[in-house]
Amino acid sequence: MKPFGKHSIRYAAKFAIRPKGGPSTMSGDGVWIGDEFDVACRPRSQHGSFCRISPSQDGLRVRVFALEHGHPHTGLLVEDFVASRCAR
């Protein structure tokens with residue numbers, strides 16, 4: 001992640017496992033919402049998904065939400081974990 005503008009970030013995520021042949025890397029811009037960044041994540045899903053990420057004491061907290069069929073503005077929490085920093 002790198003700062004971009006006043007309230008945004010540019011990010012890149014690398015996936016060791018690519019479910020259903022999705023991309024090995026995703027990148028884009030994230031927007032600050034409340035106390036988290038909203039970013040695209042998960043290479044593929046049937047109805048779409050999004051992540052909310054925020055710094056935590058142990059790394060980066062990642063909450064993954066799946067969009068419900070017929071409710072494109074409602075996400076169900078499907079994963080909640082803290083990712084450790086990648087080696088440089």
Side-chain angles (χ1 to χ4, degrees):
M1 294 186 307
K2 293 181 181 181
F4 175 69
K6 189 173 180 179
H7 300 288
S8 301
I9 58 169
R10 291 233 160 115
Y11 70 92
K14 294 181 181 181
F15 301 96
I17 299 170
R18 299 179 338 178
K20 300 181 183 177
S24 60
T25 303
M26 289 181 70
S27 61
D29 297 337
V31 178
W32 188 251
I33 297 176
D35 59 352
E36 303 172 297
F37 283 105
D38 182 62
V39 299
C41 63
R42 294 176 72 178
R44 288 191 180 180
S45 66
Q46 187 173 2
H47 301 294
S49 59
F50 62 93
C51 284
R52 294 285 173 94
I53 60 173
S54 59
S56 97
Q57 187 173 358
D58 299 324
L60 185 68
R61 182 174 182 209
V62 179
R63 296 187 314 139
V64 182
F65 295 86
L67 296 176
E68 290 186 81
H69 173 70
H71 300 278
H73 304 292
T74 304
L76 298 173
L77 181 65
V78 294
E79 291 181 72
D80 188 351
F81 60 92
V82 175
S84 58
R85 187 173 192 89
C86 297
R88 289 184 180 223

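Only this structure's heavy atoms are used, side chains among them; waters, hydrogens and symmetry mates stay out. All of these numbers come straight from a predicted model, not from anything done at the bench.
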Are Leu60 and Trp32 grouped together when hydrophobic residues (ILVMFWY) are joined by side-chain heavy atoms under 4.5 angstrom apart? yes
Spatial distance of atom CZ (Phe81) from atom CZ (Arg61) [nearest 0.5 Å]: 11.0 Å
Which heavy atom of Ile9 sits nearest to which heavy atom of Phe37, and what is that distance? CG2-CZ, 3.2 Å
In the single-linkage hydrophobic clustering (I, L, V, M, F, W, Y; side-chain heavy atoms under 4.5 Å), do Val78 and Val39 co-cluster? yes
Tell me which donor-acceptor pairs under 3.5 Å the side chains of residues 50-58 have, and how far apart each pair is, sequence neighbours excluded?
unit_1: Arg52; atom_1: NE; unit_2: Asp38; atom_2: OD1; d: 3.0
unit_1: Ser56; atom_1: OG; unit_2: Asp58; atom_2: N; d: 3.2
unit_1: Ser56; atom_1: OG; unit_2: Gly59; atom_2: N; d: 3.4

Under 4.5 Å between any side-chain heavy atoms of Phe65 and Leu77, yes or no? yes
How far apart are the closest heavy atoms of Ala83 and Val62, and which atoms are they? CB-CG2, 4.4 Å
Can you sort out the partners of Tyr11 under ring pair (Phe, Tyr, Trp, His ring centres under 6.0 Å), two or more places apart, ordered by chain and number? none
